[in-house]
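Structure first, then comments.
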Amino acid sequence: MDVDTRSALLSVSRAGLSLAGHDALVHGALEQLRHVTACDVAAFYAVSTAGGALMCCKQLRHESSIEALPVLHPHVARAADSTGPEPCDRLTDGRSGPRCDLAISVRSGNEMYGVLAVAFARACVPPSHGRFLGELADVLALSLRAERRRVAADMLFKRSRYVFDHNPNPMMILDDVTLRFIDVNQTAIDVYGYTRAQWLTMTPYDLDPAARTAEVAAKIETLGRNGTKTIDTFHRRADGSRLDAHLTSITLDRDGGKVHVITVQDMTAHNDALARAVRSETVLAYDSHHDRLTGLPNR
């Protein structure tokens, strides 16, 4: 692999790692393809997200009479159906002058992104051009896969953000490393009484009495494991009052690290009502077996 080839592959890889958009990734790949192979035309046929059909997304041409192959050309279709690492080659019959087309499917596993193709105004093309086309297709596929997943994640985050902001229960996002709250919803601010600025300087230790440090540490360690966890605990509001909390925590990967998305169900009123009911039953049971005046058993 020569310096130009290596540099071209690294350039497309860098664009993918920097989360460049679809158009920028494709355009960069075609520019590198033109530079390395000195082809007369380079084109990318993308898979339509609506119907799955191919469409000519972008092409770069040299000042020549050669055009990119039509989207419905059998050679493009054959390349799209191919799952092998070698590009399909096609030579003209000579009636329209010498020409060689190379085309290869751009895919990662079962995910198909399109067809990468080049055309030369000559019948003889070095084998190295075919190898480079295959290597570039692999790098481009991985970059497009990362970009597609980023877009999907952004859409999911926007939908999830609405649920987070408008949830009737307090919700917090806790960083796994620093153990600081990096976001809270308005309900958490209203229920607990801490301002947003206060929340962003706090950790779970600030919500529990200092005497329970060891217990809080054990619960944080439980949160650190992957999956969904539920914990019953109690917190301290800004005014010092107690809040009985039933926590549900989901651990997610985010920006190369982990965060815990915590939802709090305020059980204070429920537990108080339950305690009153238990006390009432205890009093009734005692009264039914004792004389109210003397306190002696009556049965």
Side-chain angles (χ1 to χ4, degrees), residues 19 149-287:
L19 302 179
R149 295 195 173 190
R150 178 187 64 80
V151 171
D154 287 346
M155 293 176 61
L156 178 61
F157 176 77
K158 288 177 182 177
R159 291 196 295 268
S160 301
R161 185 76 212 186
Y162 181 88
V163 174
F164 180 85
D165 289 336
H166 296 83
N167 199 303
N169 293 313
M171 291 190 72
M172 311 88 153
I173 299 179
L174 179 70
D175 184 78
D176 183 63
V177 176
T178 64
L179 293 182
R180 287 191 180 276
F181 295 106
I182 57 178
D183 203 358
V184 294
N185 66 359
Q186 187 60 44
T187 309
I189 295 172
D190 296 339
V191 170
Y192 282 84
Y194 300 105
T195 65
R196 180 174 298 276
Q198 288 175 313
W199 272 108
L200 300 185
T201 64
M202 294 167 60
T203 72
Y205 291 100
D206 296 308
L207 295 177
D208 286 85
R212 301 176 61 237
T213 300
E215 183 180 343
V216 175
K219 290 179 178 177
I220 291 175
E221 184 180 354
T222 300
L223 291 181
R225 300 167 192 149
N226 290 332
T228 302
K229 305 294 180 184
T230 57
I231 300 174
D232 289 306
T233 185
F234 64 88
H235 289 159
R236 180 175 51 203
R237 295 187 179 95
D239 61 6
S241 62
R242 171 178 169 139
L243 184 148
D244 293 339
H246 178 74
L247 307 185
T248 301
S249 173
I250 302 175
T251 303
L252 301 174
D253 293 324
R254 176 175 168 180
D255 298 332
K258 289 183 179 180
V259 295
H260 310 290
V261 181
I262 300 171
T263 304
V264 177
Q265 187 175 0
D266 184 357
M267 302 297 292
T268 308
H270 174 271
N271 290 346
D272 287 346
L274 185 61
R276 287 195 299 270
V278 170
R279 286 196 298 269
S280 297
E281 289 181 2
T282 302
V283 171
L284 289 173
Y286 182 87
D287 288 347

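The first residue of the sequence shown is numbered 1, and numbering continues consecutively from there.
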For the NE2 atom of His246 and the CD1 atom of Ile231, what is their distance to the nearest 0.5 Å?
10.0 Å

Looking only at heavy atoms, the pair that brings Asn169 and Thr263 closest together is CB-CG2, 4.0 Å

Nearest heavy atoms of Thr195 and Ile189, plus distance in Å
CA-CG2, 4.5 Å

Any side-chain heavy-atom pair of Asp165 and Gln186 under 4.5 Å:
no

Close side-chain approach of Thr251 to Lys229, heavy-atom, < 4.5 Å
no

Heavy-atom check, side chain of Tyr194 versus side chain of Leu207, under 4.5 Å:
yes

Distance from Trp199 atom CH2 to Asp183 atom CG, nearest 0.5 Å?
11.0 Å

Please check if the side chain of Arg196 supplies one atom and the backbone of Val184 the other of a donor-acceptor pair under 3.5 Å.
yes

If you round to the nearest 0.5 Å, how far is CG of Leu200 from CZ of Arg180?
9.5 Å

Show the nearest heavy-atom pair for residues Asp266 and Thr268, with the distance to one decimal.
OD1-OG1, 2.7 Å

Looking at CE of Met267 and CG of Leu247, how far apart are the two atoms once the value is rounded to the nearest 0.5 Å?
11.5 Å

Positive for side-chain hydrogen bond (donor to acceptor under 3.5 Å, both in side chains) with Tyr192, one of His235, Arg236, Arg237:
His235

Does any non-hydrogen side-chain atom of Leu243 lie less than 4.5 Å from one of Val264?
yes

Return the minimal non-hydrogen interatomic distance between Asn167 and Met171, and the atom names on each side.
ND2-SD, 3.4 Å

Between Pro170 and Thr187, the two heavy atoms sitting closest are N-CG2, 3.7 Å

With no hydrogens and no angle check, is any side-chain donor or acceptor of Asn185 less than 3.5 Å from a backbone partner on Phe164?
yes

To the nearest 0.5 Å, what is the distance between NE2 on His260 and CD1 on Ile182?
10.0 Å

Check for a donor-acceptor pair, side chain of Thr230 on one end and backbone N or O of Thr248 on the other, with a separation under 3.5 Å.
no

